[in-house]
Structure formats: structure tokens, C-alpha cells
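Notes follow the structure.
Worth knowing before you read on, the calculation uses all heavy atoms, side chains too, and leaves out hydrogens, waters and symmetry mates. None of the values given here were measured: they were computed from a predicted structure.
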Amino acid sequence: MSNHAQRDLGGRHAATILPPPLAAAPDGLRELLYLSPGGAGRMHALTALKALGWNLRRAADARSALRQLHASPHTPHAVLVDLREGFTARDLSELGPALTAANAGWIAGIHAEQLGDALVRRLIRDYCYDYVTLPCPEAVLHTVIGHGHGMAALSCGQHRGAEHHHVDGMIGECEGVRTLCRMLGKAASSDAPVFIAGETGTGKELAAMALHRHSSRSRAPFAAINCGAIPHNLVESELFGYERGAFTGAQQRKLGRIELANGGTLFLDEIGDLPLDSQTSLLRFLEQGTIERVGGQGPIPVDVRIVSATHHDLDAAVGAGRFRADLYHRLCVLRMQMPPLRERGGDIDLLADYALRRYSQEGRRGFKGFSPCARQAMQRHAWPGNVRELINRVRQAVVMAEGRYITAADLRIGDAASERPMTLEEARDVATREAIERALKRNRQRLGESARELGVSRVTLYRLMLKLGMRSGEDDAEQDAQPA
Ligand SMILES: Nc1ncnc2c1ncn2[C@@H]1O[C@H](COP(=O)(O)OP(=O)(O)OP(=O)(O)O)[C@@H](O)[C@H]1O
């Protein structure tokens with residue numbers, strides 16, 4: 001693993017570097033794209049805007065506009081779509097989905113009487129930040145397109161941030177995720193077995209894949225097997241393979257997952273569900289480095305790194321005699337913990353934005369984002385299915401939502417009838433975490449200044465962060481920021 005990769009995976013610094021400033025047009029001009037199929041003549045009316053700092057360009061149709069927008073995806077653009085002439089009803093009904101470039105803030109230019117047209121109204125409501133009746137004084141236009149440009153700049157900034165925190169497909173910047181990334185970085189340079197604990201849907205498999213990709217085994221296969229999803233009588237043949245004729249129906253030799261992962265990494269998901277006799281066989285493989293296919297003639301050497309995971313309490317399973325203690329110790333040489341989503345604070349927003357971007361491109365509508373009530377409800381929801389649940393809720397909302405912003409109702413959360421009510425302590429924790437996150441953000445992660453702003457001592461702030469999982473004890477060894 002290169003230093004660079006290690007820093008990316010484990011980097012406190014990587015997670016705190018500010019994104020570079022947004023790209024601006026040369027000479028500090030702001031980009032204005034004028035979309036009008038009605039001929040270049042009308043654009044002359046806009047030339048006065050150049051003196052007000054706009055770099056004016058034209059697109060004759062939505063496709064050409066999108067091409068220009070995609071050519072500089074990090075540059076925000078105001079786009080004035082002149083609906084007064086040249087668009088047929090069909091164009092109008094098809095225009096919306098084309099207007100989804102994240103770096104564009106759309107403003108509609110219309111005749112006053114067009115507000116009576118349902119298609120125009122819907123287009124404005126769903127895709128534009130504002131509209132102006134044209135012609136209008138250039139000062140008015142300058143203000144309105146400035147608004148569109150500002151909204152586009154915010155989106156560009158958001159995207160930058162999300163890309164920045166996108167490590168190997170794992171989105172997140174909360175303390176739990178940073179700790180995990182640091183540990184993954186270290187684990188990737190060793191060959192020791194790794195055990196990943198965490199609730200369902202927290203990203204254990206994603207973490208296992210990141211570990212593989214950053215290890216020296218990355219060119220060899222990554223194979224995954226869910227031990228809980230295979231009937232007990234088939235586990236052995238899935239893991240170790242079988243020879244032709246080993247049992248009825250074994251018409252040809254089949255390699256097992258361990259052998260298929262030779263040279264690479266084998267991810268054993270739901271390891272706690274492995275039947276006891278298969279636990280014995282797995283232990284033998286870990287001790288001897290050889291496997292024997294079912295019905296086979298002898299041992300076959302296989303070189304595989306084992307990463308295992310479960311959402312059950314493996315310690316309890318060992319205590320209850322359902323899981324072999326010797327296998328447990330073999331598997332859990334390096335142990336990592338995936339944080340549950342409800343403890344990840346601002347990551348909920350990052351992940352929701354990511355899911356919206358990912359799925360709204362599949363859908364037909366251009367969503368502007370989440371409504372404030374949706375963001376609040378997401379912070380309060382308990383997320384029993386963690387990131388998987390969040391992604392699925394956003395995905396179904398993208399299909400079902402009717403407005404420009406996704407609401408709590410679209411996500412089907414925040415409804416008192418369907419939610420487990422929060423205890424007073426949980427509500428206090430949510431509010432405390434939010435306040436701390438905001439203070440840290442404002443004070444660029446500096447504990448002392450954040451504590452002063454919050455009206456508590458630095459020690460108290462530090463203890464609260466530990467309690468709320470925003471910081472781990474392990475950080476102390478690595479950071480200079482000690483509680484004073
Ligand atoms: N940090 C993350 N960033 C982006 N996507 C994530 C993140 N964590 C999880 N996901 C997504 O959430 C879904 C569930 O993740 P994954 O299968 O890795 O969870 P898991 O903990 O292994 O679940 P299970 O215990 O049920 O097997 C996947 O679609 C994964 O891509």
C-alpha cells in the first residue's frame with residue numbers, strides 16, 4: 001500500500017483538508033448561459049449584463065446547454081431559459097429532466113401570460129430557482145440570475161465536499177468513520193485476520209473490500225460468502241469445494257470459495273452463523289493453510305487472508321458455546337467496529353445527499369435536495385437498518401416524491417405513529433451532538449474555541465464527545481489535542 005493510499009484511508013488530515021475554491025470564470029466573471037431556441041437576436045438584449053460581470057454564452061437547445069455545463073462541472077452557472085418562444089409543448093414537457101446538471105441554477109424567462117400555462121408552471125416549480133417576466137430592467141435580471149448562480153455555487157460546493165469524503169466508496173467524516181479508516185489503513189499493510197463488528201447495513205462488506213483493495217493482495221480475487229444464507233449441509237462444499245462424485249449430484253469438480261480467493265481475500269459475512277462442524281474445518285484451514293475438497297484425496301495449500309464479520313454479539317456466542325473460542329481468537333486478531341448510523345451525526349446528511357445524487361440521475365425529476373423537515377427527521381430517526389435503510393428510503397422517495405424537495409413524508413419517517421418515540425436521554429444526545437458538530441465546524445475542529453463557544457470547559461466537551469462516540473480514546477495517542 002502506498003503512503004498516499006494509506007493517508008487517504010486513514011487520514012485525519014485527508015478528512016479535514018478544505019476543498020479547493022470553486023472554479024470561477026477567467027477574470028472573476030460569472031458564467032451565464034442563455035438557453036433559447038428563438039435565435040441569437042434576443043441575446044443582444046442581454047449584452048448589458050457583461051458589464052455587470054457576466055460571461056454570456058448561448059445554447060440553442062437543452063442538449064447543447066447540458067454539453068456546455070458538463071464541460072466544466074465544477075464551475076457554477078446561472079442558466080436563463082427563455083421560454084417565450086421556440087419551445088413546443090412537447091419540448092416543455094421533456095425539458096425538465098434535461099435540466100438536472102448540478103452546476104446550474106435555472107431561471108425561467110417568460111411572458112406574464114405564460115403563467116396560465118400548466119406546463120410552464122410545472123417546469124418553473126420543479127426545476128427553476130426563480131422566474132422573471134421578460135423583458136425586464138437589467139438590474140432586476142442581474143439580481144435574479146445572481147440568485148440562480150448562488151444556488152448553483154452551493155451545489156458545486158456540496159459536491160466537492162461529498163467527493164472529498166468519498167474514500168473508496170465509503171462516505172463519512174464522523175469520528176467513528178475516521179477511526180475506522182485509520183485502522184483499515186494500518187490493517188491493509190499487514191496480513192493478519194480482521195474481524196469487523198457492526199449492526200446490519202453499517203458497511204462491513206464495503207470496509208472489507210476497501211481493506212482488500214488497499215492491501216498487497218489487491219490484484220488477486222476478493223471473494224465473499226454469507227455464512228448465514230447457506231443451508232448448513234452445503235456450507236462445507238461452498239467453502240472447500242468438492243470433487244466429482246463426492247455425493248449424489250456432484251457431476252463435476254467445483255472449487256470452493258476459499259480456493260477461489262487464492263492469493264486474495266475471503267470475506268466471511270455472518271461468521272457467527274457458521275455451524276460448529278464447519279467452524280472446526282475452518283479452524284483447521286487457518287492453522288494449516290491447506291484445505292481438503294469434499295471427497296478429495298489430500299490437502300491443497302491455499303493462501304488467503306480472512307476478513308470476517310457479524311452483526312451478532314460474537315463474544316456472547318462464545319460464552320454460550322455456539323462459537324468456538326479458539327476460532328474466535330484466530331479470526332479476531334485485528335478487530336474493527338462499524339459505527340451505527342444513528343451515532344454518525346452529520347454523516348446522515350452526507351450519505352443522504354450521496355444517495356439522492358446517485359438515484360435522482362436514474363429518475364426523471366431534478367430534485368433540489370431535502371427539505372429542512374426531512375433533514376431534521378433523518379437526524380432523529382433510529383435507523384435500525386443503518387446505511388442500507390437510508391439508501392433505500394431515499395431511493396423510494398426519488399420515485400414517489402412529487403415536489404422539488406424530498407420531505408420527511410416522502411422518506412416515510414418522522415411520523416409519530418410509525419416511529420419509536422425517543423427517550424429524553426436520546427433526545428438530549430441528538431441535540432448535544434448537533435450543537436457540538438456545529439461549534440466544531442464553525443471553529444475548524446478546535447476544541448478549546450468550540451468549548452468556549454458552547455459555554456463548557458474543554459474537559460467537559462472532550463468527555464461529551466467521547467460519550468457520544470464523536471471521538472475515540474485511541475485518538476489521544478495520535479493527536480496533540482489533549483484535554484487541558
Ligand atoms: N459509508 C458508506 N458510504 C456509502 N455507502 C455505504 C456506506 N456504508 C454502507 N453503504 C452501502 O450500504 C449498503 C449496505 O452495506 P454493506 O452490505 O457493506 O453492510 P453490512 O454491514 O455488510 O450489512 P449486513 O450486516 O446486513 O451484511 C450497501 O449498499 C453499501 O454500499
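Side-chain atoms of E389 and H381 form a donor-acceptor pair, as typed in the model, at a separation below 3.5 Å. A donor and an acceptor atom, one from each side chain of D410 and T407, are located under 3.5 Å apart.
Pairs passing the salt bridge (charged side-chain N to carboxylate O under 4.0 Å, His left out) check and including a residue from residues 307-320, sequence neighbours excluded, read D315-R335.
Put simply, the side chain of I225 reaches to within 4.5 Å of the side chain of L268, judged on heavy atoms.
Separation of atoms CZ (R446) and CG (L440) is listed at 11.5 Å; rounding is to 0.5 Å. Put simply, CE on M170 and CE on M209 are 10.0 Å apart, with the number rounded to the nearest 0.5 Å.
Under the rule for a salt bridge (charged side-chain N to carboxylate O under 4.0 Å, His left out), R284 has no partner lying at least two apart in sequence or in another chain. The salt bridge (charged side-chain N to carboxylate O under 4.0 Å, His left out) test applied to D269 returns no partner, not counting sequence neighbours.
Salt-bridge check for R182 with E175: passed, with a basic side-chain N closer than 4.0 Å to an acidic carboxylate O. A salt bridge between R67 and D61 is absent, with no side-chain N of the basic residue lying under 4.0 Å from a carboxylate O of the acidic one. One finds a salt bridge joining R324 and D326 here, because a Lys/Arg side-chain nitrogen approaches an Asp/Glu carboxylate oxygen to under 4.0 Å.
In this structure, N103 contributes its side chain and T75 its backbone to a donor-acceptor pair below 3.5 Å. Side-chain N or O atoms of H214 include none that pairs as donor or acceptor with a backbone N or O of A187 at under 3.5 Å. Distance alone, capped at 3.5 Å, places no donor-acceptor pair between the N386 side chain and the R388 backbone. Remark: side-chain polar atoms of E199 are not paired, donor with acceptor, to backbone N or O of G385 under 3.5 angstrom.
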